[in-house]
Amino acid sequence: MATTDPPSRPWLAAFSAALPLMIMFVVALSIPLAAAQGFGLSAQETSLWIMMLWGLPGLLTLILTGFYRQPLLITGNIFAMIFVFSLPEQLRFPELVGAFLVAGAAVLVVGLLGLTRRLATWIPPQVVLGLLAGALIPFVSDVFNWMGQAPLIVGSTFIAYIAGSRLLSSRIPPILPALIVGLAAAALTGRLATVSMDFAFPAWTMIQPEFTFESILTTAPVLFVLILVQANLPSVIFMQSQGYEPPARALNISSGIGIILGSLLGPVAVSLSLPATSLVASPPAGKLGERYRAALLAGGTLLVIGLLAGAAAELTAAIPLSLLLALAGLAMVGVLAGALKEITQGKVTLGPLFAFAVALSEISLLGLGPFFWALVIGTVTSLLLEREGLPGAAATPEEGGG
């Protein structure tokens with residue numbers, strides 16, 4: 001006699017796969033909250049930005065996953081979010097908004113034309129990861145600068161991060177115990193203020209974008225590659241390896257539209273995420289036709305966080321800046337480690353290493369800063385000296401309709 005799974009079992013597998021993502025979505029709030037302080041945003045501007053960063057990807061996930069019945073988890077691109085975190089000293093918030101709008105339009109056009117496969121041969125994604133690693137290093141090292149200023153709060157947070165990495169299951173991110181212990185230490189030292197849980201929907205105030213030569217060239221090319229080549233493309237390839245036929249063109253178009261619409265309220269980059277996709281689209285999430293449930297749970301969590309953005313924005317005043325920045329730095333450790341591993345292995349290393357070094361420098365030529373020149377110098381170096389190691393069009397998926 002054939003047996004069937006209880007109705008709850010597919011959802012239990014989906015919940016187990018989505019749980020680490022749900023935790024990380026909450027903990028990752030420390031990155032835009034710290035960036036908002038750096039940009040000098042008001043509580044209303046911060047809440048609107050967070051609403052778009054979390055709520056818009058959640059809504060897109062529910063729509064795409066429900067329509068295609070595939071685990072198409074759209075998130076706020078963590079690499080782009082971290083990149084924004086590194087820019088307050090170089091660009092103003094309206095300039096970033098303008099640059100994101102340009103990048104979103106470019107992603108939309110490439111998605112409509114189906115040119116992502118060719119893009120993978122033009123700008124090496126390893127170079128972008130080298131640039132990103134160089135941008136991240138100062139913020140990870142600042143964890144220890146803050147430890148010197150707030151030893152009890154930041155020190156206990158760091159110890160909890162190490163302990164969590166050593167003792168907890170790999171499905172529980174170590175930043176979670178770091179957050180809990182850090183908040184407890186802040187409360188014990190009287191540094192944690194109370195938060196009035198204001199669930200009022202924030203008033204909509206669009207950011208007036210500013211389009212400047214420096215901001216567009218510094219930001220848009222990096223975002224363009226992060227979204228299409230570093231995020232959507234490998235995620236689609238992974239899903240194909242699992243037996244899915246993801247709508248690559250529809251996903252790229254959705255990313256472009258999402259960036260344009262979301263960035264009217266603050267710089268927002270939405271895309272697939274390979275780490276997140278690997279959780280919701282692999283066998284631990286259930287049978288092939290049931291894994292979309294994990295994406296629905298994760299997308300629903302994003303939407304709920306976005307709707308509660310008003311309360312989340314108040315955390316900037318309640319949590320000590322030292323703890324926020326320390327948590328943001330620790331949240332970047334995994335991304336930094338992965339980027340460093342990627343740029344030091346394989347056949348493409350020289351260009352990414354130059355990009356890494358230039359991003360750490362203070363170079364300024366023609367009014368353009370180190371991030372732009374990191375992309376230029378790294379790309380030219382790899383194209384001239386390491387072209388045989390660059391990904392070819394044959395290795396990329398077809399961009400079907402959908």
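Basis for what follows: all heavy atoms, side chains included, without hydrogens, waters or symmetry-related copies. Position 1 is the first residue of the sequence, and the numbers go up from there.
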*Run the side chain to side chain contact (heavy atoms under 4.5 Å, CB included) check on Leu152 and Leu188 step by step: do they pass?*
CA-CA 10 Å; Leu152 180 59; Leu188 288 174; 5.8 Å; no
*Donor-acceptor pair, Arg291 side chain versus Ala285 backbone, under 3.5 Å?*
no
*Going from CG on Asp142 to CE on Met147, what distance comes out if it is rounded to the nearest 0.5 angstrom?*
12.0 Å
*Take Val154 and Phe144, measure what side chain to side chain contact (heavy atoms under 4.5 Å, CB included) needs, and give me the verdict at the end.*
CA-CA 8 Å; Val154 179; Phe144 304 98; over 6 Å; no
*Hey, are the side chains of Ser282 and Phe238 touching, using non-hydrogen atoms and a 4.5 Å cut-off?*
yes
*Check for a donor-acceptor pair, side chain of Thr65 on one end and backbone N or O of Leu72 on the other, with a separation under 3.5 Å.*
yes
_Minimum heavy-atom separation for Leu296 and Gly66, please, with both atom names._
CD2-N, 4.4 Å
*Check side chain to side chain donor-acceptor pair (under 3.5 Å) between Glu245 and all other residues, then give those that pass, not counting sequence neighbours.*
none
_With a 3.5 Å distance limit and no angle check, can you tell me whether Glu386 reaches the backbone of Thr381 through a side-chain donor-acceptor pair?_
no
_Donor-acceptor contact present, side-chain Thr189 to main-chain Ala186, <3.5 Å_ = yes
*Between CG of Leu350 and CG of Leu385, what distance do you get to the nearest 0.5 Å?*
6.0 Å
*Could you list the residues that satisfy side-chain contact (heavy atoms from CB on, under 4.5 Å) with Ser273, not counting sequence neighbours?*
Thr75, Pro275, Ala276
*Any idea which heavy atoms bring Ile153 and Pro320 closest together, and the distance?*
CD1-CG, 4.4 Å
*Within the distance-only criterion (no hydrogens, no angle test), does the side chain of Ser215 pair as donor or acceptor with the backbone N or O of Thr212 below 3.5 angstrom?*
yes
*asked:* Minimum heavy-atom separation for Val358 and Trp373, please, with both atom names.
replied: CG1-C, 3.8 Å
_Contact check, side chains of Phe211 and Pro209, non-hydrogen atoms, under 4.5 Å_ = yes
_Nearest heavy-atom neighbours spanning Val102 and Ala220_ = CG1-CB, 4.4 Å
*Output yes when a side-chain donor or acceptor of Asn77 lies under 3.5 Å from a complementary backbone atom of Ala80, and no otherwise.*
yes
*Around Phe354, counting heavy atoms of other residues, nucleotides and ligands shown, do more than 12 lie under 6.0 Å from its CZ?*
no
*What about the rings of Tyr68 and Tyr292, do their centers lie closer together than 6.0 Å?*
no
*Quick one: closest heavy-atom pair of Ala14 and Ala294, and the distance?*
CB-N, 3.4 Å
*Inter-residue atom distance Leu233.CG - Ser271.OG, 0.5 Å rounding*: 12.0 Å
*Going by heavy atoms in the side chains, are Phe356 and Leu131 under 4.5 Å from each other?*
no
*May I ask you to decide if Val270's main-chain N or O and Ser255's side chain share a donor-acceptor pair within less than 3.5 Å?*
yes
*Kindly say whether Val304 contributes a backbone atom to a donor-acceptor pair with the side chain of Trp54 at under 3.5 angstrom?*
no
*Do you know which two heavy atoms are closest between Val127 and Ala374, and how far apart they sit?*
CG1-O, 4.2 Å
_Derivation and outcome, side chain to side chain contact (heavy atoms under 4.5 Å, CB included), residues Leu265 and Met206_ = CA-CA 5 Å; Leu265 301 177; Met206 291 190 188; 4.2 Å; yes
*Working to the nearest 0.5 Å, report the span between CD of Glu210 and CD1 of Ile216.*
11.5 Å
*Find out whether Leu223 and Thr219 are in side-chain contact, i.e. whether some heavy atom of one side chain is under 4.5 Å from a heavy atom of the other.*
yes
*Can you tell me if Thr61 uses its side chain to pair, donor with acceptor, with the backbone of Ile74 under 3.5 Å?*
yes
*Do Leu64 and Ser254 have side chains that get closer than 4.5 Å, going by heavy atoms?*
yes
*Is the closest side-chain donor-acceptor distance between Glu214 and Thr218 under 3.5 Å?*
no
*Please report the C-alpha distance between Ile260 and Phe100 in whole Å, then the side-chain angles of each, then the deciding distance to 0.1 Å, and finally whether the side chain to side chain contact (heavy atoms under 4.5 Å, CB included) criterion is met.*
CA-CA 7 Å; Ile260 294 171; Phe100 269 65; over 6 Å; no
*asked:* My understanding is that only one of Met51, Glu45, Met52 makes a side-chain contact (heavy atoms from CB on, under 4.5 Å) with Leu48; could you say which?
replied: Met51
*Calculate, to the nearest 0.5 Å, the distance between atoms CG and CD1 belonging to Leu56 and Ile259 respectively.*
10.0 Å
*Given side chains that start at C-beta, do those of Pro32 and Trp49 come closer than 4.5 Å, heavy atoms only?*
yes
*Considering only heavy atoms from C-beta outward, does the side chain of Thr344 approach that of Pro352 to under 4.5 Å?*
no
*Keeping the roles fixed (side chain from Gln37, backbone from Ala34), state whether a donor-acceptor pair exists under 3.5 Å.*
no
*Would you mind reporting whether Val110 and Leu228 have side-chain heavy atoms less than 4.5 Å apart?*
yes
_Approximate separation, where rounding is to 0.5 Å, of Gln345 CD and Leu340 CG_ = 10.5 Å
